[in-house]
There are 2 protein chains.
Amino acid sequence: METTRNAGSVNHRIREGLSRIATVMRNEDWNRAKAFGLNPTQLSILELLQGRQDGLTVKEIAANLGVSQPTATDSIAALERKELVTKTSDAADRRTVKVVIAQKGVAILEEDSTPGAAQNTVGALADQEQEELLVNLVKMIRHLQENDAIPIQRMCVSCRYFAPNVHSDAATPHHCHFVDAAFGQRELRIDCREHEIADPAFRAATWTAFEKG
Amino acid sequence: METTRNAGSVNHRIREGLSRIATVMRNEDWNRAKAFGLNPTQLSILELLQGRQDGLTVKEIAANLGVSQPTATDSIAALERKELVTKTSDAADRRTVKVVIAQKGVAILEEDSTPGAAQNTVGALADQEQEELLVNLVKMIRHLQENDAIPIQRMCVSCRYFAPNVHSDAATPHHCHFVDAAFGQRELRIDCREHEIADPAFRAATWTAFEKG
DNA sequence: TGATTAAATTAGGAGTCCTATATATATTTA
DNA sequence: TAAATATATATAGGACTCCTAATTTAATCA
């Protein structure tokens, strides 16, 4: 029950807040992309493809971008014209097309490293708050992916190399079996290139252990 | 210093996380908008105009949307064709145009009340976490607006009716002089229709008092 | 008053994004 | 196994976003 003015639920207000930040990010993405003669959609496809040797299908790209499949085809074609991605049809299923990032595309991503306003704004938060925020985002994204609202992301919490809360040191309670090192909440990945998806049972167990921490 | 894998800074990871949520919100906005024959940009202009009797200029709309002025002109024209907004030239400065939401536009906003996936996802967080998240967003947005990265938003923290941390009750420490009622962190507004901007000195003092809480 | 500054529009063009449909390949089933 | 169904992508067509550059009109400054 709200006590003042008609302003909906906390959920609604949080959404409004996220939306403001999203506007800034979009703007920023335009500037980042423009520097390479791209637009935000094209740049985000490139980012999505980064580190995925086998590439992704058109359908997968559409799902990750949250757009229709024909729209994905459009944007992939634009990237293909610019020679930033290559398309090869899959031998196993000749209906599907694997889109792989080209060398020129990788070069763009490596060159792009300007932190924008949105990223700087996170610096306005205290360390503790940043950690809170990151963890809250992880929780929300996990909820989305486990409910099939978005594809599985390359996050620690869905990775088979992730072992949460296994170290007694409060600063670095987690362990990554890929690099075999301890790490902390602040290092939780959202999009790790080394991510390997764990099966649902493993993910569920991992999540329980993670939340107990 | 990162301890595992090359994954940039916390800031970067938080941005990645926000970006995933933004994708879901965009998608959701498409569906919300589609139901009224609109697109997300048009719907967000309508939302922006909601409750602003005097309307906004083209320039202000562009700034709030984070797009160029010609783009704003485009979208406003689309809304005008659909008779959801009206344009009147300002008597005081005949160069400027005031865009006001029309009755038909108000009707659409009132009809639209479907909470989508992004909003539901916030429900995956505990009450305490929701509060943290909302406050963190307020902090970031305030930082953005005080650094002129975005226009002043209709948030409590920049409103002249807002008195932070004036009540001893931990659940409702703040006071809104507009409705003359106490309220809590969870009720903090992001886009309050009754917002009246406070001058910079007042805002600075308010912010200091708010952060001490 | 003339020059500058400012707000909005117009022009032109690339590309997003949608729905509906077509095409090709897989898979299922009768 | 042939026919029916399902799946992956591409095409077609259309509305609109979004940009930069250049105009138009109005306000302000010198």
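Residue numbers start from 1 in every chain, and the chains themselves are labelled A, B, ... in the order their sequence lines are given, proteins ahead of strands.
Spacing between atom CD1 of A:Ile76 and atom P of D:dT9 amounts to 8 Å, rounded to whole angstrom units. When the P atom of D:dT17 is taken as reference, atom CH2 of A:Trp30 falls 13 Å away, rounded to whole Å. Rounded to whole Å, the distance from CG on A:Asp29 to P on D:dC19 is 13 Å. Atom CG in A:Asn31 sits about 9 Å away from atom P in D:dT20, given to the nearest Å. Straight-line distance from the CG atom of B:Asp93 to the P atom of C:dT5: 17 Å, rounded to whole Å. Between the CG atom of A:Asp90 and the C1' atom of C:dA24 there is a distance of 15 Å, rounded to whole Å. B:Glu80 places its CD atom 13 Å from the P atom of C:dA8, with the value rounded to the nearest Å. B:Ile61 has its CD1 atom 15 Å from the C1' atom of D:dT17, to the nearest Å.
Listed nucleotides C:dG15, C:dT25, D:dT17 differ in distance to A:Arg95; the shortest reach to its side chain belongs to C:dT25. Closest contact between the side chain of B:Asn39 and the listed nucleotides D:dC16, D:dC18, C:dT16 involves D:dC16. Here the side chain of A:Lys59 is nearest to one of D:dT9, C:dT16, D:dT20, namely D:dT9. Closest to the side chain of A:Gln69, out of D:dT9, D:dC19, C:dT16, is D:dT9. Taking the side chain of B:Gln42 as heavy atoms from C-beta on, and the options C:dT9, C:dT16, D:dC16, the nearest nucleotide is D:dC16. When the nucleotides D:dC18, C:dC17, C:dT19 are ranked by their closest atom to the side chain of B:Lys34, C:dT19 comes out on top. Checking C:dT9, D:dA10, C:dC17 against every side-chain atom of B:Thr73, the shortest atom distance belongs to C:dT9.
When each of A:Lys87 and B:Ala72 is assigned the nucleotide of DNA chain D with its nearest heavy atom, A:Lys87 is the one assigned upstream, toward the 5' end. Of the residues near DNA chain C, B:Thr57 and A:Val67, the one whose nearest nucleotide (by heavy atom distance) lies more toward the 5' end is B:Thr57.
A donor-acceptor pair shorter than 3.5 Å can be found between the side chains of A:His175 and A:Asp180. Between the side chains of B:Ser44 and B:Thr41, not a single donor N or O lies within less than 3.5 Å of an accepting N or O.
As judged by a 4.0 angstrom heavy-atom cut-off over every strand, B:Lys98 is placed among residues making no nucleic acid contact. Across all strands, A:Thr41 comes closer than 4.0 Å only to sugar-phosphate atoms, never to a base (heavy-atom distances). Residue contacts shown for B:Thr96 are limited to sugar-phosphate atoms, with no base heavy atom under 4.0 Å away.
Between atom CD of residue B:Gln153 and atom CD1 of residue B:Ile150 there is a gap of 4.5 Å, rounded to the nearest 0.5 Å.
Heavy-atom neighbours of A:Lys98 NZ from other residues, nucleotides or ligands within 6.0 Å: above the threshold of 12.
Look at A:Asp29 and A:Lys34 and you find no salt bridge, because none of the NZ, NE, NH1 or NH2 atoms lies under 4.0 Å from a carboxylate O.
Listed pair A:Thr71 / C:dT16 fails the phosphate criterion, with no side-chain N or O lying under 4.0 Å from OP1 or OP2. Regarding contacts with the backbone of C:dC18, a side-chain N or O of A:Ser68 is found under 4.0 angstrom from either OP1 or OP2. A:Ser75 has a side-chain polar atom (N or O) that falls below the 4.0 Å cut-off from OP1 or OP2 of C:dT16. OP1 or OP2 of C:dA8 has not a single side-chain nitrogen or oxygen of B:Arg94 nearer than 4.0 Å.
The ring of A:His195 has its center no closer than 6.0 angstrom to the ring center of A:Phe178.
Residue side chain B:Asp74 reaches the base of D:dC18 through a donor-acceptor N/O pair under 3.5 Å, judged by distance alone.
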